[in-house]
There are 2 protein chains.
Amino acid sequence: MTQDTAPASSRRESGSVTLQDIAAHAGVSRSTVSLVLRESPLVADRTRIKVQAAIKELGYVYNRGAAALRGSHTATLGVVVYDIATPFFGAMVAGIDAALNREGYVSFLANSEDSPERQQRFLERMREHRVDGILLCPAEGTPASLIDTLASWSLPCVQVLRHIGEPPFDYASSDFARGVHQAVGHLVKLGHRRIAFLGGHAQHSATQERWQGYSDALAHHDLGYQRLVRGQVTRRAGLELIETLMQETPRPTAVICHNDLMAFGAMLGLKRMGLTPGVDCAVIGTDDVEEAALSDPALTSVATHPYAIGEEAARLALRRIADPNGAREQVVLAPRLQIRESCGSASQATLPASPITSDSTT
Amino acid sequence: MTQDTAPASSRRESGSVTLQDIAAHAGVSRSTVSLVLRESPLVADRTRIKVQAAIKELGYVYNRGAAALRGSHTATLGVVVYDIATPFFGAMVAGIDAALNREGYVSFLANSEDSPERQQRFLERMREHRVDGILLCPAEGTPASLIDTLASWSLPCVQVLRHIGEPPFDYASSDFARGVHQAVGHLVKLGHRRIAFLGGHAQHSATQERWQGYSDALAHHDLGYQRLVRGQVTRRAGLELIETLMQETPRPTAVICHNDLMAFGAMLGLKRMGLTPGVDCAVIGTDDVEEAALSDPALTSVATHPYAIGEEAARLALRRIADPNGAREQVVLAPRLQIRESCGSASQATLPASPITSDSTT
DNA sequence: TTCTAGATTTGGATCAATCCAAAAATACCT
DNA sequence: AGGTATTTTTGGATTGATCCAAATCTAGAA
């Protein structure tokens with residue numbers, strides 16, 4: 001009989017095998033089988049073995065839906081991001097996935113495309129599916145009340161990257177303000193005095209924290225020049241914004257970008273203007289996506305560790321599910337400045353670029 | 001009373017409202033409410049309205065888990081990809097998400113990281129969750145028998161991008177062979193005679209189809225030079241492989257890459273060697289990710305439309321779920337060559353690059 | 001008014017698990 | 001052997017919806 005490789009697929013059409021069937025086959029009750037399945041210490045070894053054999057022999061498949069109906073959790077989580085097509089989110093979702101899988105959880109994914117309506121529809125669907133919790137990167141324009149709504153649904157929610165509503169809330173992210181601060185500090189050390197910031201124009205905490213970090217750092221280093229340009233946080237916007245920026249007088253000698261995509265765009269823009277990134281203008285990005293090390297020139301970037309943020313967010317969600325009334329937590333990872341060629345500190349001489357930044361202080 | 005904005009949240013702690021409660025409130029039976037919920041034409045307008053009012057007033061939340069237990073489907077799908085961190089997959093998942101959402105479906109996402117074991121664990125979990133179907137980009141090394149296993153589980157499965165097992169199967173992808181063919185054709189038209197291919201080293205259909213397209217195209221154009229280099233399909237591999245390739249004699253005058261990531265790496269490699277992509281060596285990528293238009297130089301690429309593939313795959317899956325025994329379908333989208341500067345045909349003079357490729361035919 | 005076809009509505013069984021209180025089996029002490 | 005304590009096992013109720021066959025209601029015809 002071939003029933004080891006394909007466990008008794010001949011059982012019955014495909015009309016699933018139930019606990020009852022196993023119970024009958026093993027000569028015990030439904031309840032006992034259930035206990036074995038859930039690895040309860042109540043059941044005697046001899047019985048456990050007998051039941052496990054029956055389970056294997058009949059090719060039983062646990063029905064999580066039925067279990068969820070009677071029990072209290074579904075082992076599922078809803079994950080909402082606003083732009084899955086971005087390498088940053090890809091890495092973050094990979095981190096979430098890895099951490100959840102380890103705990104036997106599985107996640108629904110939705111891409112809100114920054115539409116609060118789509119986000120809302122998805123959340124309602126998640127409620128109908130009785131997910132145990134939500135990992136939410138709130139779409140732009142999400143009303144702060146959403147957090148209360150979720151709370152009134154008694155659906156645990158961990159905010160990621162961006163946050164809305166009033167503290168305390170569960171939150172996992174990177175310390176964006178500190179990241180910008182580090183970037184400014186490094187540029188100052190290299191002699192820069194006119195440092196611009198290419199930022200997002202939206203109302204997010206993630207955007208505002210960077211602005212804050214920027215202006216605080218300028219004040220801290222006593223820099224008079226302050227120039228914050230806003231736009232989409234895309235490659236194309238970086239390309240376009242740098243152009244206007246470099247036509248101003250005085251022009252900045254360095255620019256820090258909201259994310260790496262903008263930074264790549266900015267570097268491309270500089271090149272199109274006949275300027276050399278890292279020589280005529282230093283460029284620093286944020287996120288340190290994989291591509292940063294392999295761009296031309298290699299991009300100096302504030303590493304925000306998306307994979308780790310994903311893992312932390314997932315862990316936090318599981319903690320909150322286990323203890324819904326526990327104290328809210330904020331896991332804010334420290335960023336790390338990854339220095340490469342684009343800010344002119346040319347540690348590796350891979351490109352024929354002059355080692356020291358050209359800058360002209362007032 | 002504030003019960004319009006927050007629909008009667010005072011109903012009962014949060015011990016959910018059931019069909020029974022609504023039935024009682026509206027003075028009808030459980031069954032009738034169920035019919036209203038499912039928009040059955042059987043129920044009279046007057047009753048429908050009465051019930052809908054009760055639903056709204058009590059703040060009822062449909063319990064899909066309970067429905068799935070008795071009914072026949074769960075309105076969920078499992079999606080397995082092998083590298084979500086890549087922009088290509090990001091776009092594809094976005095397409096899947098959009099198409100599914102339109103039909104009220106929701107999807108579990110798993111990132112196999114090309115591990116057949118992780119993939120297997122996820123699929124088993126999906127079975128326990130009773131998903132209606134699977135969208136599978138098979139991990140490298142997946143045994144062909146997996147398709148039969150899924151069939152024996154009577155779990156509809158649409159393969160995406162890669163395929164394993166024997167036809168007929170459901171499959172959504174791009175015509176990779178044709179894409180490479182187009183690329184070769186274009187290069188030949190520009191005068192190239194020594195065209196190399198930077199490909200993946202894995203055992204996928206997606207890799208092999210490209211090789212096939214490459215050698216067929218060479219034969220078709222009567223080119224004697226054939227050089228296929230294999231490696232990982234990453235930016236770094238592209239960077240490294242181009243280096244060895246350009247040190248050979250004779251060296252190719254053009255190179256086609258398995259995907260855009262490799263192409264970006266190859267262009268960077270050329271630059272690091274002091275060569276100019278599009279002048280000293282033409283480069284063509286595959287996929288036409290967003291970044292292709294904004295690289296330096298802009299990358300000529302075979303557009304494979306990941307978003308559209310995602311949508312098609314989702315649609316196909318829904319069709320198969322609706323009709324499990326219908327004829328298997330293959331949706332293979334035609335790629336389109338997107339011509340930009342990296343192959344030297346410099347249509348836009350944004351860069352100070354010489355317009356015509358330098359090539360020396362035998 | 002009675003009958004009947006057609007349109008609505010309904011209660012009971014069912015889906016596959018978990019919970020719980022009580023029963024049965026076993027072990028431990030005099 | 002008898003009685004208590006402890007460990008295992010169990011049947012019945014429960015979860016919240018759907019299916020289905022039968023019951024009820026309505027309107028039009030005779």
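A note on names: the letters A, B, ... follow the listed sequences, proteins ahead of strands, and every chain is numbered from 1.
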*To the nearest angstrom, how far is B:D21 atom CG from D:dT15 atom C1'?*
13 Å
*Hey, does A:I309 have a side-chain heavy atom less than 4.5 Å from the side chain of A:L161?*
yes
*Are any non-hydrogen side-chain atoms of B:L37 and B:L19 less than 4.5 angstrom apart?*
yes
*In whole angstroms, how far is the P atom of D:dT7 from the CG atom of A:L35?*
15 Å
*Round to a whole Å and report the spacing from NE2 of A:H129 to P of D:dA17.*
14 Å
_Separation of atom CD1 in B:I22 from atom P in D:dT18, rounded to whole Å_ = 11 Å
_Testing the 3.5 Å rule here: is there a donor-acceptor pair between the side chains of B:S34 and B:R30?_
no
*For the side chain of A:S16, starting at C-beta, report the closest nucleotide among D:dT8, C:dA16, D:dT18.*
C:dA16
*A:R48 CZ - D:dT7 C1' separation (whole Å)*: 13 Å
*asked:* What I want to check is whether the side chains of B:Y82 and B:R162 have a donor and an acceptor closer together than 3.5 Å.
replied: yes
*Side chains of A:S29 and A:T32: is there a donor and an acceptor less than 3.5 Å apart?*
yes
*Between C:dT8, C:dT18, C:dA17, which one does the side chain of A:N63 approach most closely?*
C:dA17
_If you compare every side-chain N and O of B:R130 against the phosphate oxygens of C:dA16 (OP1, OP2), does one of them come in below 4.0 Å?_
no
*Once you round it to whole Å, what is the distance between P of D:dT9 and CZ of A:R38?*
14 Å
*Quick one: label B:S31 by what it contacts on the DNA or RNA (base, sugar-phosphate, nothing), any heavy atom closer than 4.0 Å.*
base
*Could you pick out which residue, B:R30 or B:D45, lies toward the 5' side of DNA chain C when each is mapped onto its nearest nucleotide?*
B:D45
*In sequence, state the C-alpha distance, the side-chain angles, and the governing distance for A:R121 and A:E124, and then conclude on salt bridge (charged side-chain N to carboxylate O under 4.0 Å, His left out).*
CA-CA 5 Å; A:R121 270 203 304 282; A:E124 279 162 12; over 6 Å; no
*D:dT18, C:dT18, D:dT8: which one has an atom nearest the side-chain heavy atoms of A:L19?*
C:dT18
_With no hydrogens and no angle check, just 3.5 Å: does a side-chain donor-acceptor pair link A:Y105 and A:D132?_
yes
*Using a cut-off of less than 4.0 Å, is there contact between a side-chain N or O of A:T32 and OP1 or OP2 of D:dT8?*
no
*For the side chain of A:L42, counting heavy atoms from C-beta on, which of C:dT9, D:dT9, D:dA17 is nearest?*
D:dT9
*If you check every side-chain atom of B:T47, which of C:dT9, C:dT18, D:dA17 has the closest atom?*
C:dT9
*Between B:G27 and A:Q20, just flag the one whose closest nucleotide in DNA chain C comes earlier from the 5' side.*
B:G27
*Check each residue of residues 65-75 of chain B for a non-hydrogen atom within less than 4.0 Å of any atom in DNA chain C, then write out the ones that pass by number, or none.*
B:L69, B:R70
*Would you tell me if any nitrogen or oxygen in the side chain of B:R64 comes within less than 4.0 Å of OP1 or OP2 on D:dA17?*
no
_Member of A:V81, A:V80, A:D114 meeting the side-chain contact (heavy atoms from CB on, under 4.5 Å) criterion with A:Q119_ = A:V80
*Go through D:dT10, C:dG11, D:dA17 for me and flag the one nearest to the B:S29 side chain.*
C:dG11
